Amino acid sequence: MKKIITVSAPGKLMLFGEHAVVYGKPCIVTAVNQRMFVMAEQTTTNELLFDAKDVGIKNYKKRIDALGKGQIPKAAQFVEIAIKNFFLCHPEFISGSHMLGLKISTTSEFSSTYGFGSSSAVTVCIIKALTELFEIKLSKKDIFDIAYKTVLDIQKIGSGVDIAAAVYGGTLYFVSGGKMIESLNIKPLPLVVGYSGSKADTVTLLNGVKEKAKKYPEIITGIYTDIEKIVILAKKALIKNDLQTVGELMNFNQGYLESLGVSTDRLSNMIYAARNIGAYGAKLSGAGGGDCMIAIADKKHEEKVKQGIEQNGGQIIQIQTHAEGVRREL
Ligand code: PMV
């Protein structure tokens, strides 16, 4: 009987420390309970066959020995390079008569426009699915390393925090490249999430900040150091479940993100509305330039905060924090 593997990995939201984390500072990320799914099976065709209807990929084909070569549609890049990198680490599965082909399809509970880290979630799922298909054991860190290499091969820049959230799940204190990945033992957070309605390109934003840092090195270095202080305090406040302080630190963090130039009018309006209505605090989440904002609010203010965000052009997305990392489903 043909073995079909299904695995899933969570999306993520950045709580603190985005951008600074790319330059060696810590950040805090939480995995959310909206998941990416990958179905994988072996075939006899010596090709990768790939379908991802959510992102417009239908019947994509590539010879296994040509993976990573020639033109690759943007929406197929992470899948193709992840498979290539898995085989680079495990050539035994494509040598001799061993290797057949692969049929892969993906589907997601969240839109790739939210900034929940869909590319990283799919990358992690692919590597996990291949370990299941070929019945090999890889540690979480091994999966992280292959997936992070994949992100760097494609984007050339990035901390790997989205990858860590997809692999480990929960809420993580993370330092760039996985130098530190610490799971925080905290309660679920009362987050309100508002989608700004537009997708941001992480690499464009990262390069914009890099340019700013070239022009104003002292200022931007100072900002990163201050963000690091915020992240360290936020970690303590999260562990104590001191939501008032968590909110105030979000507000500080947002101020620095505004200084880096990555907020937008829409995001800032949603954030101010949430704060004015009684949220403990609010900030953008992720690279900025669009995507989502988050607010932290108690039960009493939650509904009003949601309304305020909607009145300022946001779409509320229901999530729970601290979701489980990559796992086999079937
Ligand atoms: O994937 P995004 O757009 O949510 O960005 C993740 C956080 C950044 O610090 C902006 C990028 C990174 O690689 O850490």
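Note that the coordinates shown come from a computational prediction; the quantities given were computed from them, not determined experimentally. Each ligand, and each atom within it, is numbered from 1 in the order the structure gives.
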Quick one, E47 with K62, criterion salt bridge (charged side-chain N to carboxylate O under 4.0 Å, His left out). Give me CA distance, side-chain angles, the key distance, then yes/no.
CA-CA 5 Å; E47 278 176 332; K62 192 80 163 268; over 6 Å; no
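- Scanning for salt bridge (charged side-chain N to carboxylate O under 4.0 Å, His left out) contacts around K156 gives an empty result, with sequence neighbours left out.
- Every residue was checked against the ring pair (Phe, Tyr, Trp, His ring centres under 6.0 Å) condition with Y173, not counting sequence neighbours, and none meets it.
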For ligand 1, run through the N/O pairs with the protein that fall under 3.5 Å and put one pair on each line.
unit_1   : atom_1 : unit_2 : atom_2 : d
ligand 1 : 1 (O)  : D162   : OD2    : 2.8
ligand 1 : 3 (O)  : T202   : OG1    : 2.7
ligand 1 : 3 (O)  : A287   : N      : 3.4
ligand 1 : 4 (O)  : K12    : NZ     : 2.8
ligand 1 : 9 (O)  : H19    : N      : 2.9
ligand 1 : 13 (O) : S159   : N      : 2.8
ligand 1 : 13 (O) : S159   : OG     : 3.4
ligand 1 : 14 (O) : S159   : OG     : 2.5

For T30 and H322: C-alpha separation, side-chain torsions, deciding distance, then whether side chain to side chain donor-acceptor pair (under 3.5 Å) applies.
CA-CA 6 Å; T30 192; H322 221 64; 4.6 Å; no
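- Annotation: salt bridge (charged side-chain N to carboxylate O under 4.0 Å, His left out) contacts of D142 (sequence neighbours excluded): none.
- Across every non-hydrogen atom of F116 and C292, the tightest pair is CE1-SG, 4.1 Å.
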